[in-house]
Amino acid sequence: MTSTKHLAAETKPARPPLRLGLTLLHLAVMGSIGWAIIGFLVGAIGAGIGLLFLLGFGVLVLLGVLYALFGIAWLEIERIASLYTIDAHQLTWRPRTQPGFSGWLRSLGHNLANGRMWAALGNFLLASLMGLAMLVAFQAMLHNLVAAFTPLSDAQYVTTTFGFRIPASQAPWLALGAVLFAGIIIGLVFLHRTISIAIIGATARESDLTQRVYTTNVQRQGAMRAAEVERTRIERDLHDGIQPRLVSLGMTLGLAHQQIDNNPEQAKALVDEAHTSTKAAITELRQLTRGIYASVLEDRGLDAALSAVAGRSHVPVHLDVRLPKRCDHNAEAAVYFAIAEGLTNAAKHSRASEARVAVRLREDETGHANMWARVEDDGTGGAQVLAGGGLDGITNRVVAAGGTIHLDSPAGGPTALEVSVPCVS
């Protein structure tokens, strides 16, 4: 029971700080500069609409307004995030995904329909309204506070905030009005905090959820693609390698069966040939299953599995693996197959004389451990990721494991392949 309470205390999110003085300063700035910006934007929109039919100048003005709105929304999210220490993602401009003018228009449409931008702009407008109200209340508070000391002067009457004249003898009661306006100012501070956190915090959670969904879809697609590429490779290896050898083995055994009575010596030679073909087929099957899964990876870890790969490589490999702990199976398998495929490409295509492999455990910006690996050879370079190829299979495996991959292979070499996969120990 105690451990459960302790866990709940650790996972309970911290409340954003109030920061009374900073919020007052923000509201004062928003109440003055904010309305100047709003007035300028309203005027620009009106001018853009009025100039739509004048050589298209209005379109340029409206495009400028759109970019200005995006910049204001970005600044508003950053303002609230820094003021109340909210973990809000930056507002990013959605790039175009299609070439040409139509792709640019589609990108503008996507950004114009960005809900986070309009939510931040709405918060900017509300903050400007509250800032203006705060400035009015602050002025009224000062007026009432000064007017409360009117009996100390020779004045007979005093004018209140609302324009009423009262006798100087009743002026001390205006101190209550100063207290009232001070309460309004404090209330506006709390209101600004509540509304801003509700709007910006909600858009931050929505953005985080959207990013998680996108990442999950990318990983799912990568896993499906990796499975498809692996299936195609297995079918190709079976069809081009094992199947012809088994057919030849069957024909050899058939000839031996025909010659076993009439020519025992020739039948014996054919059986020996079939035996040799059987051992070769078994070797090919072992290599094929090793491409699917390396049992030594599960039993002895990545270092031992990579040592076996380096020992079988036709290119001399300098292996440098420094892992203080083991990661989960998916991370180790993705890194293993990436390195194995990289060394295979170095031997088959790049005409490399040597290769280097380095594996490390690194921490990212968030403090999570990632397994990082680099395969480099001194070959001719020019490697490309082709659909259905080995590098395509590596990419899909790494993406499915939630990692990233980077290939640098200029013409003339060298070729360097880097992968980074989250490590869950």
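One is the number of the first residue; the rest follow in order along the sequence.
Side chain of Asp377 to backbone of Gly379: a donor-acceptor contact under 3.5 angstrom is found. A donor-acceptor pair under 3.5 Å is formed between the side chain of Trp118 and the backbone N or O of Leu112. In this structure a side-chain-to-backbone donor-acceptor pair under 3.5 Å is present from Ser32 to Val29. Of the possible polar contacts, one joining the Ser409 side chain to the Gly382 backbone as a donor-acceptor pair under 3.5 Å is found.
Looking only at side-chain heavy atoms (C-beta outward), Val359 and Ile339 come within less than 4.5 Å of each other. Looking only at side-chain heavy atoms (C-beta outward), Ile37 and Phe124 come within less than 4.5 Å of each other. For the pair Leu27/His192, a side-chain contact is recorded, criterion being any heavy-atom separation below 4.5 Å from C-beta on. Put simply, the side chain of Ile38 reaches to within 4.5 Å of the side chain of Leu125, judged on heavy atoms. Taking the side chain as every heavy atom from C-beta outward, Leu129 and Trp35 approach each other to under 4.5 Å. For the pair Asn370/Cys423, no side-chain contact is recorded, criterion being any heavy-atom separation below 4.5 Å from C-beta on.
Every residue meeting the side-chain contact (heavy atoms from CB on, under 4.5 Å) condition with Ala68, not counting sequence neighbours, appears here in chain and number order: Leu41. The salt bridge (Lys or Arg N to Asp or Glu O under 4.0 Å) check on Asp303 picks up nothing, with sequence neighbours excluded. Every salt bridge (Lys or Arg N to Asp or Glu O under 4.0 Å) that Arg79 has, sequence neighbours left out, goes to Glu76. Partners of Arg360 according to the salt bridge (Lys or Arg N to Asp or Glu O under 4.0 Å) rule, which considers only residues two or more places apart in sequence or in another chain, are Asp320. Residues passing the side chain to side chain donor-acceptor pair (under 3.5 Å) test with Asp378 are Ser353, sequence neighbours excluded. Under the side-chain contact (heavy atoms from CB on, under 4.5 Å) criterion, Leu22 pairs with Arg19, Leu83, not counting sequence neighbours. Ser128 pairs by the side chain to side chain donor-acceptor pair (under 3.5 Å) definition with nothing, not counting sequence neighbours. Legend: residues meeting ring pair (Phe, Tyr, Trp, His ring centres under 6.0 Å) with Phe40, ordered by chain and number and at least two apart, are absent. In this structure, the ring pair (Phe, Tyr, Trp, His ring centres under 6.0 Å) partners of Phe70, at least two apart in sequence or on a different chain, are Trp93. Not counting sequence neighbours, the partners of Ala73 by the side-chain contact (heavy atoms from CB on, under 4.5 Å) test are Leu91, Met117, Ala120, Leu121. In this structure Ala340 satisfies the side-chain contact (heavy atoms from CB on, under 4.5 Å) test together with Val309, sequence neighbours excluded.
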Exercise. Step by step, would you call Ser196 with Asn123 a side-chain contact (heavy atoms from CB on, under 4.5 Å)?
Worked result: CA-CA 6 Å; Ser196 298; Asn123 192 79; 3.4 Å; yes
For this session: Evaluate side-chain contact (heavy atoms from CB on, under 4.5 Å) for Tyr84 paired with Thr23, printing each intermediate quantity in order.
Result: CA-CA 9 Å; Tyr84 297 122; Thr23 304; 3.2 Å; yes
For this session: Could you give me the CA-CA distance, side-chain angles and deciding distance for Val317 and Arg356, then say whether side-chain contact (heavy atoms from CB on, under 4.5 Å) is met?
Result: CA-CA 6 Å; Val317 179; Arg356 293 179 175 272; over 6 Å; no
For this session: Please lay out, stage by stage, how Asn144 and Leu180 fare under the test side-chain contact (heavy atoms from CB on, under 4.5 Å).
Result: CA-CA 10 Å; Asn144 280 268; Leu180 175 62; over 6 Å; no
For residues 57-67, tabulate all N or O donor-acceptor pairs below 3.5 Å that involve a side-chain atom, not counting sequence neighbours.
none

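Closest of all the heavy-atom pairs between Val189 and Leu24 is CG2-CD2, 3.5 Å. When every heavy atom of Met371 is checked against every heavy atom of Cys327, the shortest pair comes out as CE-SG, 3.4 Å. Taking both residues in full, the closest heavy atoms of Ala137 and Ile185 are given as CB-CG1, 3.8 Å, listed atom of the first, atom of the second, then distance. In plain terms, the two heavy atoms of Ile77 and Ile200 that are nearest each other are CG1-CD1, 4.1 Å. Taking all atoms of both residues into account, the shortest heavy-atom contact from Val335 to Ala373 is CG1-CB, 3.7 Å.
Note on Arg374 versus Glu418: salt bridge recorded, some NZ/NE/NH1/NH2 to OD/OE distance being below 4.0 Å.
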